[in-house]
Amino acid sequence: MDWQRAVVFSTLLAVSWCAEDLTFPPGFKFGAATAAFQVEGAWNVSDKGESKWDRFCHEFPHKIQDRSNGDVACDSYHQWKRDIEMAEELGLHFYRFSVSWTRLLPSGFANHISEDGTRYYNNLIDGLLEKGIEPFVTLYHWDLPQSLQDLGGWTNPLVADWFADYARVVFTLFGDRVKWWITINEPIVICDVVYNSGIMAPPIISPETGAYLCNKNVMMAHARAYRIYDEEFRPKYQGKVSVANHHIWFDPLTPADAELAELARQNAVGRYAHPIYSKTGGWPASIEKALEEVSLKRGYSKSSLPAFTQEEIEFVRGTYDFYAMNHYTSRLIRKAREGETFNFWPFADCIDLGAKVQKQEDWDVTSTFWFFIHPEGIRRQLAWLKQQYGDIEFIITENGFPTVEGIHDPIRIKYYKAYLKQVLLAIKEDGVYLTGYTAWSLMDNFEWSDGYATKFGLYQVDYNDPHRKRTPRDSARFYKNLIKTYTLDDGATQDEL
Ligand code: PNW
């Protein structure tokens with residue numbers, strides 16, 4: 001082959017490789033997500049009970065950046081038809097939303113099931129299915145009934161019973177039509193973030209006890225719900241159930257920090273995933289050891305991380321049908337220097353491991369202080385999970401980007417493209433069995449302690465409009481086009497919305 005032909009040939013090869021590399025496998029599913037408290041509003045409509053987030057926003061308005069609350073939010077309780085229309089406009093294969101515990105069970109317990117609550121979720125589920133969109137339902141996305149919070153919430157081991165009763169009600173009412181279930185969204189936020197930061201509901205600071213009690217209880221609650229589905233509902237409905245963990249990817253600052261970075265991954269991910277997805281079950285051994293040491297050093301009689309009995313280990317182990325991964329951002333990690341102070345939020349500095357985090361110089365910052373752009377992180381995270389827990393089915397249940405304003409959002413499109421390219425590399429180069437991707441979020445919504453100031457939506461929501469008018473952003477057009485063409489190739493045409 002002469003050099004000219006060689007050049008042409010290799011160019012063609014490169015072009016075809018690139019084109020192929022930017023295409024998602026047939027059957028891959030795209031969705032978008034929201035959560036009940038963040039979009040529904042109608043906080044006290046009909047017989048709905050009070051959730052811990054209702055109480056938190058009303059009692060401590062200064063803890064929310066714009067002193068807002070979820071009373072009306074995106075008014076999805078009334079605007080659900082428009083929500084379905086948006087999912088249809090985008091061509092979503094599935095829509096991930098959560099059920100509000102207190103909308104369905106106003107007292108928190110299963111003694112009374114709300115008719116209005118049942119009707120609302122039936123309408124949403126049936127409306128989606130009519131359009132050929134699969135409902136992907138989270139049982140718990142942070143809005144615990146205040147009645148249960150008053151009894152200790154996630155630090156009371158009885159929460160597993162309460163959650164099991166609630167889960168059975170939801171599976172009974174909707175299991176005939178819903179095939180994809182997430183039991184609990186981001187246990188690390190419910191436990192570590194809540195009990196370390198005070199900036200989320202409930203504002204109780206108990207890093208050395210509360211966070212770890214909650215950790216074990218949340219694992220037991222998830223497993224109870226999974227076992228109920230497995231025994232009572234799977235035979236009839238054949239759905240899939242998992243828990244959605246949050247993942248910040250940790251890279252070591254220097255090679256000397258490699259061991260610490262691995263310990264941090266086991267702490268932030270393993271502590272919530274190992275009991276469920278590992279072959280052996282229980283806590284990651286390295287974390288069990290590290291936390292026992294630090295607890296004894298602090299003068300406690302035993303580890304703050306409650307032990308599992310052998311029976312509990314067996315009960316929790318294997319309670320998954322796929323791995324649900326939420327991922328947004330990354331950190332560099334290093335050993336803390338003498339006398340350095342720790343910033344817990346956004347759950348990254350770790351006092352118990354003596355670890356500090358920082359950003360890598362070349363990672364772009366965003367309008368949100370905890371959010372740095374590091375696309376390779378999502379690929380590394382997936383590869384690490386596959387290496388830890390085996391060649392199981394993965395679904396990305398959240399990934400998205402925050403802005404502060406505007407309908408034109410090239411920076412969000414850039415983020416999605418860069419992260420999705422890395423997702424493709426994970427599938428094609430690392431052989432991760434990844435079958436779906438979920439954009440956070442379908443629309444702007446109540447972003448917890450950021451209130452409405454931070455916007456993650458593919459659709460903008462006008463909070464001055466009583467109907468909470470939704471308008472597609474440029475990124476909505478990008479996502480619609482991706483779903484239609486299955487490629488990230490820039491040449492693909494853009495559709496109107
Ligand atoms: C998730 N971090 O929370 C939640 O599941 C959503 O409800 C939320 O709106 C969304 O991500 C955007 O924030 C996160 O510190 C909490 O990296 C913390 C982090 C990321 C996401």
Side-chain angles (χ1 to χ4, degrees), residues 31-40 51-53 56 64-65 68 70 73-74 76 96-100 136-144 182-194 196-197 199-201 218 242-250 264-265 267-269 272 324-333 343-350 357-359 363 365-374 377-378 381 395-404 412 415-416 419 438-458 461:
T34 60
F37 189 80
Q38 297 179 271
V39 299
E40 282 181 9
S51 80
K52 68 171 177 171
W53 267 95
F56 181 72
I64 312 294
Q65 199 183 310
S68 63
C74 307
S76 283
R96 178 177 173 226
F97 62 91
S98 79
V99 173
S100 155
F136 197 123
V137 177
T138 307
L139 297 182
Y140 181 77
H141 199 122
W142 306 359
D143 46 357
L144 193 77
I182 295 292
T183 54
I184 296 167
N185 184 70
E186 298 188 350
I188 193 173
V189 175
I190 300 166
C191 301
D192 292 33
V193 176
V194 163
N196 276 273
S197 73
I199 68 162
M200 293 190 131
V218 117
S242 196
V243 61
N245 273 319
H246 183 79
H247 304 74
I248 285 187
W249 174 250
F250 293 104
R265 292 173 203 134
N267 188 49
V269 176
Y272 293 94
M325 179 181 101
N326 294 357
H327 173 86
Y328 290 86
T329 187
S330 296
R331 300 279 184 278
L332 293 181
I333 194 155
N343 294 310
F344 183 77
W345 177 255
F347 55 81
D349 277 5
C350 183
V357 300
Q358 62 187 67
K359 106 176 182 39
W363 295 350
V365 296
T366 67
S367 57
T368 300
F369 74 97
W370 55 263
F371 201 119
F372 313 125
I373 305 177
H374 178 49
I378 198 166
Q381 185 68 69
I395 296 180
I396 295 169
T397 35
E398 279 183 34
N399 175 235
F401 186 82
T403 56
V404 276
R412 179 176 283 108
Y415 175 94
Y416 273 124
Y419 272 66
T438 316
W440 183 273
S441 168
L442 178 61
M443 68 192 115
D444 294 342
N445 55 55
F446 179 77
E447 182 52 33
W448 310 112
S449 54
D450 282 0
Y452 297 99
T454 295
K455 299 164 194 303
F456 274 88
L458 293 169
V461 174

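Atoms within each ligand, like the ligands themselves, are counted from 1 in listed order. In what follows, every heavy atom counts, from backbone to side chain, and hydrogens, waters and symmetry copies are set aside.
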Backbone of Phe372 reached by a side-chain donor or acceptor of His374 within 3.5 Å |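 No, His374 side chain to Phe372 backbone: no donor-acceptor pair under 3.5 Å.
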Please check if the side chain of Gln38 supplies one atom and the backbone of Phe446 the other of a donor-acceptor pair under 3.5 Å.
->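 Yes: the side chain of Gln38 pairs with the backbone of Phe446.
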Donor-acceptor pair between Thr403 and Arg412 side chains, under 3.5 angstrom |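 There is such a pair between these side chains.
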Between the candidates [options], which shows the shortest non-hydrogen contact distance to [atom]?
atom	options	value
atom 2 (N) of ligand 1	Trp448, Phe37, Trp370	Trp370
atom 7 (O) of ligand 1	Gln38, His246, His247, His327	Gln38
atom 11 (O) of ligand 1	Phe456, Tyr328, Phe371	Tyr328

Counting both backbone and side chain atoms, is some N or O of [X] under 3.5 Å from an N or O of ligand 1?
X	value
Glu447	yes
Glu186	yes
Thr329	no

Out of Asn185, Ile395, Leu442, which one pairs with Arg96 under the side chain to side chain contact (heavy atoms under 4.5 Å, CB included) rule?
->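 Of all the options given, the one that passes is Asn185.
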Output all residues satisfying side-chain hydrogen bond (donor to acceptor under 3.5 Å, both in side chains) with Tyr415, sequence neighbours left out; order by chain, then residue number.
->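 Counting only residues at least two positions away or on another chain, Tyr415 forms a side-chain hydrogen bond (donor to acceptor under 3.5 Å, both in side chains) with Asn399.
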Residues in side-chain hydrogen bond (donor to acceptor under 3.5 Å, both in side chains) with Thr366, at least two apart?
->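 So Thr366 forms no side-chain hydrogen bond (donor to acceptor under 3.5 Å, both in side chains) with any residue.
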Take the angle between the ring planes of Trp53 and Phe37 and call it parallel below 30°, perpendicular above 60°, tilted in between.
->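 If you compare the ring of Trp53 with that of Phe37, the planes turn out tilted.
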Which of the ligand 1 atoms, numbered from 1, are nearer than 4.0 Å to a heavy atom of His141 =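 Per the distance check, 4 (C), 5 (O), 6 (C), 7 (O).
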For Ile248, the ligand 1 atoms whose distance to one of its heavy atoms is below 4.0 Å |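 Numbered from 1, ligand 1 contributes 17 (O).
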How does Asn445 reach ligand 1, if at all, at less than 4.0 Å between non-hydrogen atoms: by side chain, backbone, both, or neither?
->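 Near ligand 1, Asn445 shows nothing, with every heavy atom at 4.0 Å or more.
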With backbone taken as N, CA, C and O and side chain as the heavy atoms from C-beta onward, which portion of Val193 lies under 4.0 Å from ligand 1: side chain, backbone, both, or neither?
->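 Contact part for Val193 vs ligand 1: neither.
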